[in-house]
Asks: 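If you scroll down you'll find the structure; I have some questions about it.
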Amino acid sequence: QVQLVESGGGLVQAGGSLRLSCTASGRTFSMYYMGWFRQAPGKEREFVSSITWSVGSTNYADSVKGRFTISRDKNKNTMYLQMDSLKPEDTAIYYCASKTTYGLVTKGDYYEYWGQGTQITVSS
């Protein structure tokens, strides 16, 4: 089992920045990828970004590319999402997740472990 705890959500004005953190505990050696997903009210959950735990290769949704940066600190078992140039359409609950198998990084259904979520609200 892997436990994930997010932090860093909040309210920010459009154009501002926030950084999310996700700290993993438990069987962290089994993690192949960690990722961020988000779900806005009335919308389906969508992929935001992912990172391979071992080598740090990254992947981004087109909607956040160039504005969000994913990273991880293996010594702290923590993944980060630096969010810059935030837009009102970024408003959502953001979830971190981890998966133990290769591939399908944009598909939330294939992630085994999830955090509780943190709210991001971007005001215009």
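Atom set for the values below is all heavy atoms of this structure, side chains included, hydrogens, waters and symmetry mates excluded.
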Asks: Would you check if the side chain of Arg67 reaches a backbone N or O of Ser85 as a donor-acceptor pair within less than 3.5 Å?
Replies: yes
Asks: Would you confirm whether the ring centroid of Phe68 sits within less than 6.0 angstrom of the ring centroid of Trp36?
Replies: no
Asks: Would you mind checking if Asp90 and Lys87 are paired as a salt bridge, meaning a charged N to carboxylate O distance below 4.0 Å?
Replies: no
Asks: Contact between Tyr60 and Ile70 at the side-chain level, heavy atoms closer than 4.5 Å - yes or no?
Replies: yes
Asks: Quick check: does any side chain N or O of Tyr33 sit under 3.5 Å from a backbone N or O of Gly103, one acting as donor and the other as acceptor?
Replies: yes
Asks: Answer with yes or no after comparing the ring centroid distance for Phe47 and Phe37 against a 6.0 Å cut-off, counting only values under it.
Replies: yes
Asks: Any idea which heavy atoms bring Ser98 and Met34 closest together, and the distance?
Replies: CB-CG, 4.1 Å
Asks: With side chain to side chain contact (heavy atoms under 4.5 Å, CB included) as the test, would you mind laying out the steps for Thr121 and Val12 before giving the verdict?
Replies: CA-CA 6 Å; Thr121 302; Val12 65; over 6 Å; no
Asks: For a 4.5 angstrom cut-off between non-hydrogen side-chain atoms, does Arg72 reach Trp53?
Replies: yes
Asks: Quick check: are there more than 12 heavy atoms from other residues, nucleotides or ligands sitting under 6.0 Å from NZ of Lys43?
Replies: no
Asks: In terms of hydrophobic clustering (I, L, V, M, F, W, Y; side-chain heavy atoms under 4.5 Å; direct or indirect links), are Trp114 and Leu20 co-clustered?
Replies: no
Asks: For the backbone of Val5 and the side chain of Gln116, can you confirm whether one donor and one acceptor N or O come within less than 3.5 Å of each other?
Replies: no
Asks: I'd like to know if the side chain of Ser30 pairs up with that of Thr100 as donor and acceptor (distance under 3.5 Å, no hydrogens or angles considered).
Replies: no
Asks: Working to the nearest 0.5 Å, report the span between NZ of Lys74 and CE of Met31.
Replies: 9.5 Å
Asks: Answer yes when Asp84 and Arg19 have at least one side-chain N-carboxylate O distance shorter than 4.0 Å, and no when they do not.
Replies: no
Asks: What pair of heavy atoms forms the shortest contact from Arg38 to Ala92, and how long is it?
Replies: CB-CB, 3.8 Å
Asks: Looking at side-chain heavy atoms only, is the closest gap between Met79 and Asp73 below 4.5 Å?
Replies: no
Asks: With salt bridge (Lys or Arg N to Asp or Glu O under 4.0 Å) as the test, would you mind laying out the steps for Asp109 and Arg45 before giving the verdict?
Replies: CA-CA 10 Å; Asp109 289 347; Arg45 182 180 61 196; 3.2 Å; yes
Asks: Do Leu18 and Val64 share a hydrophobic cluster, counting only Ile, Leu, Val, Met, Phe, Trp and Tyr and linking them when any side-chain heavy atoms are less than 4.5 Å apart?
Replies: yes
Asks: Just checking Gln13: does its CD atom have more than 12 heavy atoms from other residues, nucleotides or ligands closer to it than 6.0 angstrom?
Replies: no
Asks: Look at the side-chain heavy atoms of Ile, Leu, Val, Met, Phe, Trp and Tyr, link any pair under 4.5 Å apart, and say whether Leu104 and Tyr102 land in one connected group.
Replies: no
Asks: Return yes when atom CZ of Phe29 has more than 12 non-hydrogen atoms of other residues, nucleotides or ligands closer than 6.0 Å, and no otherwise.
Replies: yes
Asks: Heavy atoms only: give me the nearest Thr91-Ala40 pair and the separation to one decimal.
Replies: O-CB, 3.6 Å
Asks: Look at the side-chain heavy atoms of Ile, Leu, Val, Met, Phe, Trp and Tyr, link any pair under 4.5 Å apart, and say whether Tyr80 and Leu86 land in one connected group.
Replies: no
Asks: Dump the intermediate steps for side chain to side chain donor-acceptor pair (under 3.5 Å) on Thr23 and Thr78, then the final yes or no.
Replies: CA-CA 4 Å; Thr23 299; Thr78 299; 3.1 Å; yes
Asks: Sort and list the pairs that fulfil disulfide (SG to SG under 2.5 Å) and have at least one residue in residues 30-81, not counting sequence neighbours.
Replies: none
Asks: Who passes salt bridge (Lys or Arg N to Asp or Glu O under 4.0 Å) against Glu112, sequence neighbours left out?
Replies: none
Asks: Can you check whether Ser25's main-chain N or O pairs, donor with acceptor, with Thr28's side chain at less than 3.5 Å?
Replies: no
Asks: Report whether Tyr32 and Tyr111 are members of the same hydrophobic cluster (ILVMFWY, side-chain heavy atoms less than 4.5 Å apart, transitive linking).
Replies: yes
Asks: If we only count heavy atoms from C-beta on, is the Met83 to Ser17 side-chain gap below 4.5 Å?
Replies: no
Asks: Should Tyr95 and Thr118 count as side-chain neighbours, where that means a heavy-atom distance under 4.5 Å?
Replies: no
